[in-house]
Number of protein chains: 2
Amino acid sequence: MTSGPRPVRAQQLDPIAFESHDHADCIKTAVAAAEAHCTRKGLRFTPVRRAALEILLQEHRALGAYEMLDRLRAAGFGSQPPVAYRALEFLVANGFAHKIERLNAFVACANPGASHSPAFMICRACEAVAEAQSPPSRGALGAAARATGFQIEGTMVEAVGLCPACAEKAGP
Amino acid sequence: MTSGPRPVRAQQLDPIAFESHDHADCIKTAVAAAEAHCTRKGLRFTPVRRAALEILLQEHRALGAYEMLDRLRAAGFGSQPPVAYRALEFLVANGFAHKIERLNAFVACANPGASHSPAFMICRACEAVAEAQSPPSRGALGAAARATGFQIEGTMVEAVGLCPACAEKAGP
DNA sequence: GGCCACTTGTCATAATATAACATTTCCGCT
DNA sequence: AGCGGAAATGTTATATTATGACAAGTGGCC
């Protein structure tokens, strides 16, 4: 999980998650949305939790819990694993972040508030993670579930491959 | 696994993976298939590897690496983690087993040899795991990949929920 | 203030996974 | 049959990921 040669460019416009966009703005928007959601639901959007979300939003890649812990510690919060795991658990439980099982790592939700059945594309070279929306209970799996009587409560879809930037570096 | 509806006898009938089938037979068949595949490909189907596959086939649920290690040790093989991890790596690499990322655990392949783009249904109550075939990257994910230029190399699909037996136990 | 639920920080430990290396086994070759 | 190299095995040691338990702090509410 090296932080590798990740492209970091001029202030606000970064080619991340396979597309360019205004990063500072996407952070502000997402944090504001989370805050609003917590207010509505009576949840406590505490400093650690806000910090954790901001840290995740800095990257469009998955961050391990211990990487998160390092950054939270650097920001003056507690320094033991549960600090990171609890903040991440809160973010995941409330749809502000997702766990990437394949990487044992966490990524900010690209679409908080939207109906959630996300699918992820994970670059095996640079570890960037992009989120796509996938319709719930899709094709073959939904059919198999109905056929056997299995009740689906949640589905994980994670594709591993090469993002456009890394594909270009790798081959012709 | 189930190669069609098969007549079954009382003693060998186990209600597993959400369906009844002849378990002893499904083990023999799968091991023979693996052996044949290895012979064809010049791979070494060594005793540990065979034992690991048999152990996985005993269950239609995912087994953690250390659970596997315990059983391999009991069978007279080495007693250190790499023993289990290497056998499992071999089985996964050759399509005889799959890793269930959600559980950090491994399950025998229900359909070895078939074109592989498996999807799993994981019961959160009893941890049974059933494998369905899913068409490779169709639908929303494939579309997103094409749109962004992401090259999918492999996809993991895991649904969590309740198997029929546990659903019945849980609530009418 | 006193109560309560929740959150935070910590220590301790569990569970999962890999690195590195000596030894043995197997296969192809002569 | 004997040799050489690649692969597999078993081991020690350690890295990485994750959780249990408990004391102390925080904030809402009567």
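Here is how names work: the chains are called A, B, and so on, in the same order as the sequence lines, proteins then strands, and each is numbered from 1.
A centroid separation of 6.0 Å or more is found between the aromatic rings of A:F106 and A:H98.
Where the helix from C:dG1-D:dC30 to C:dT30-D:dA1 starts and where it ends, the local axes point in directions that differ by 20°; five pairs per end, rounded to 10°.
A distance cut-off of 5.5 Å between ring centres, combined with a plane angle under 30°, leaves A:Y85 outside any stacking arrangement with the base of D:dT19.
Using bins of under 30°, 30° to 60° and over 60° for the plane-to-plane angle, the ring pair A:F45/A:F90 lands in the tilted bin. Classification of the B:Y85-B:Y66 ring pair by plane angle, with boundaries at 30° and 60°, yields perpendicular.
Shown here is A:R102, whose CZ atom has no more than 12 heavy atoms of other residues, nucleotides or ligands within 6.0 Å.
For the OP1/OP2 pair of C:dT16 and a distance below 4.0 Å, the side-chain nitrogens and oxygens of A:N104 include no atom meeting the criterion. Contact annotation: A:K99 does not reach the phosphate of D:dT17 (side-chain N/O to OP1 or OP2, under 4.0 Å).
Taking CZ from A:R49 and CD from A:E54, the interatomic distance works out to 14.5 Å, rounded to the nearest 0.5 Å.
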Nucleotide by nucleotide, nucleotides 3-10 of chain C touches protein heavy atoms under 4.0 Å in the pattern (B base, S sugar-phosphate only, - none) ----SBBB
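Looking only at side-chain heavy atoms (C-beta outward), B:L141 and B:I152 come within less than 4.5 Å of each other.
Side-chain heavy atoms closer than 4.5 Å link hydrophobic residues (I, L, V, M, F, W, Y) into clusters, and following such links, possibly through other members, connects A:V157 to B:M121.
A straight line from CG of B:L63 to P of C:dA17 spans 12 Å, rounded to a whole angstrom. To the nearest angstrom, P of C:dA15 lies 11 Å from CD of B:E67. If you measure from atom CG of A:L88 to atom C1' of D:dT19, you get 14 Å, rounded to the nearest angstrom. Going from atom CG of B:L103 over to atom P of C:dA15 covers 15 Å, rounded to whole Å. Put simply, CG on B:D70 is 14 Å from C1' on C:dA14, counting in whole angstrom units. Atom-to-atom, CZ of A:R102 to C1' of C:dA17 comes out at 15 Å; the value is rounded to the nearest Å.
Side chain of A:Q151 to backbone of B:G161: no donor-acceptor contact under 3.5 angstrom is found. For the pair B:R73 (side chain) and B:S79 (backbone), a donor-acceptor distance under 3.5 Å is present.
In terms of polar N and O atoms assigned as donor or acceptor, the side chain of A:Y66 comes within less than 3.5 Å of the base of D:dA18 in a complementary pairing.
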